[in-house]
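Order of listing sets the numbers, starting from 1, for every ligand and every atom in it.
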Amino acid sequence: MASHIPTALTALSFLSSVASGLQKAQAAPAPAPPPSVAPPAPQSSSSTGTSSASSYAAQNPGTNNTTSTGSSSTSSSLCIQCHVKPKYTDGTKTHQFCGKSCASKVSSVKTGSGNTNSNNCTFCHNRPKYNDGTRTHDYCSKACAQNAKPQRKQTTSSTTTGQTCGAPGCTNPPHHSSDYCSIAHKTLAENLCLMCLQAPKMANSHFCSQTCIDDAEQKGPTILEVPLGHSTFKSVADQFKASWRHAGSTCPAVRRIYKIMMPPGKLANYEAYKAAVEAKGQFVAQGRSAGNENRRWHGTRRVCNLGDKGHTQFCSQSSCSLCSIIRNSFDITLWGKKTGWGRFGKGIYTSSTSSKSNDYSHNDCKSNLKAILLNKVVVGKGCKMLQDNTSLTAAPAGYDSVLAEKGGSLNYDELVVYNNDSIRPSFLVMYDEP
Ligand SMILES: *[C@@H]1O[C@H](CO)[C@@H](O)[C@H](O)[C@H]1NC(C)=O
Ligand SMILES: *[C@@H]1O[C@H](CO)[C@@H](O)[C@H](O)[C@H]1NC(C)=O
Ligand SMILES: *[C@@H]1O[C@H](CO)[C@@H](O)[C@H](O)[C@H]1NC(C)=O
Ligand SMILES: *[C@@H]1O[C@H](CO)[C@@H](O)[C@H](O)[C@H]1NC(C)=O
Ligand SMILES: *[C@@H]1O[C@H](CO)[C@@H](O)[C@H](O)[C@H]1NC(C)=O
Ligand SMILES: [Zn+2]
Ligand SMILES: [Zn+2]
Ligand SMILES: [Zn+2]
Ligand SMILES: [Zn+2]
């Protein structure tokens, strides 16, 4: 068990050296604690260093050993914090960051709570670094190590050779034409707990244990990345594909999926509402889910880069509806403020058609991905309507929601609810620009 997860991680260690190099470079703008270090000279070393020194440095921010292998040519002209916006050039020199906001993010991580932060995964910053008994790795899991890989890198050569099975802790070589050494390990990787990414999840839960459930809930509001290849990724991406119905446009690829963790208590109101609707409508007895709960799409405005690679921090801009919804769920009192109310009045609008919700997904940020939310909605007894009624403020008497069906004035279906406890965001899905 000595050299565990070796290749996947070392191939990535250059990333962490970039990060640690950065943290040091950041000493300038903020009163950061570490002794000042020569900022990484605008390095054009083409090495994508895989030295263990770099990962050592990442784990030991107290040292100033920046084996400058990191500020590599692969990081190109993009800010090394957000990887999205171009680096700032002041006329004489190109800085490592796009602006002060990204620069301060790095230094605040640094200053945040001293060394304790360095115990967290270099990619998700959420889980402790993996320790195999002999050494501490840069990442919490193989899933994060995989995720941290530069995407555009050609994977023709050494990246695939010499890798180990993708299951946690397994050092066997992957079986030919698979990422895993065996069917059992493939199944394990497909069903990992979304919190620890180490143990298999329980049936009907995203987590392996009460400890992980509690951990994940305490972190709320937050988003937890679902590994590519996970059964949950497949289920959400499949729904996205199956419900892309716009003729003449091909369904874009789903690139990232995050499980949304609500703040503790936020789910309780939803569950209470669902139970009340179920008690009234007896949907389970009709072979449906409690409260006739369904998964529906919602597209909205994104101002920040939430959901892009490595971006799991919410912004605080009130114009960023995406962050607002994920943080606080939907609020009917805010909804429609900018656009005016919809065709079926003052409600929260979702659709079973991903390509319809895509029309409402707007980036007010630079990104090559678009964001969409998959939500749990208590449909209850839906009132089918073909004609608009913009004066509605509640579902018609005897109903829990409005189902605007295809036909009439509508090309695609809409589901409208009028109570903010009848819906909760469940997954954030990032996909290519159609
Ligand atoms: C940095 O650390 C590595 C490994 O600990 C060591 O081999 C190297 O000599 C160090 N470099 C400097 C400049 O201290
Ligand atoms: C940091 O760098 C300075 C200058 O190169 C050196 O004198 C000092 O010993 C280094 N400190 C550590 C902890 O490596
Ligand atoms: C590091 O992980 C711990 C435990 O999961 C968490 O409480 C803490 O907020 C994390 N630190 C950062 C900076 O995210
Ligand atoms: C939910 O709806 C009620 C009434 O419709 C409103 O007062 C409340 O502020 C809303 N928002 C949240 C986050 O609960
Ligand atoms: C629209 O809804 C309102 C409120 O429920 C109702 O009073 C009105 O009759 C409806 N209008 C039409 C045209 O159905
Ligand atoms: Zn991680
Ligand atoms: Zn294996
Ligand atoms: Zn777990
Ligand atoms: Zn935001």
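The SG atom of Cys196, the Zn ion (ligand 8) and the SG atom of Cys208 define an angle of 110° (nearest 10 degrees). Around the Zn ion (ligand 8), the two atoms SG of Cys193 and SG of Cys212 are separated by an angle of 110°, to 10 degrees.
Tyr360 is linked by a side-chain contact (heavy atoms from CB on, under 4.5 Å) to Lys356, Glu414, counting only residues two or more places apart in sequence or in another chain.
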Under 3.5 Å, side-chain donor or acceptor atoms of residues 370-385 against the rest of the protein: list the pairs with distances, not counting sequence neighbours.
from, atom 1, to, atom 2, distance (Å)
Lys370, NZ, Asn358, O, 3.2
Lys370, NZ, Asn358, OD1, 2.7
Lys370, NZ, Ser361, O, 3.1
Asn375, ND2, Arg296, O, 3.0
Asn375, ND2, Leu373, O, 3.3

Output a table of donor-acceptor pairs, distance under 3.5 Å, between side-chain atoms of residues 191-203 and any protein atom two or more places apart or on a different chain; print 'none' if there are none.
from, atom 1, to, atom 2, distance (Å)
Asn191, OD1, Ser231, OG, 3.3
Asn191, ND2, Thr187, O, 2.8
Gln198, NE2, Cys140, O, 2.9
Lys201, NZ, Ser205, O, 3.2

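Of all the atoms in ligand 5, the ones that sit under 4.0 Å from a non-hydrogen atom of Ser391 are 1 (C), 2 (O), 3 (C).
Contact analysis leaves Pro396 out of contact with ligand 5, as no non-hydrogen atom separation drops below 4.0 angstrom.
Among protein heavy atoms, the minimum distance from atom 13 (C) of ligand 5 is reached at Asn389 ND2, 4.5 Å. For atom 5 (O) of ligand 5, the closest heavy atom belonging to the protein is Leu392 CD2, 3.6 Å.
In this structure a side-chain-to-backbone donor-acceptor pair under 3.5 Å is missing from Asp388 to Thr390. Although no hydrogens or angles enter the test, the distance criterion places a donor-acceptor pair under 3.5 Å between the side chain of Asn305 and the main chain of Lys366. Side-chain atoms of Gln286 come within 3.5 Å of backbone atoms of Gln282 as a donor-acceptor pair (strictly under, hydrogens ignored).
Counting only heavy atoms, the protein never gets under 4.0 Å from atom 9 (O) of ligand 5.
Checked for salt-bridge contact, Lys186 and Glu190 meet the test: a charged N lies under 4.0 Å from a carboxylate O. Between Arg255 and Asp432, at least one side-chain nitrogen of the basic residue sits less than 4.0 Å from a carboxylate oxygen of the acidic one, meeting the salt-bridge criterion.
A distance of 12.5 Å separates NZ of Lys274 from CG of Asp421, quoted to the nearest 0.5 Å.
Legend: protein N/O/S atoms lying under 2.8 Å from the Zn ion (ligand 6), waters omitted, number 4.
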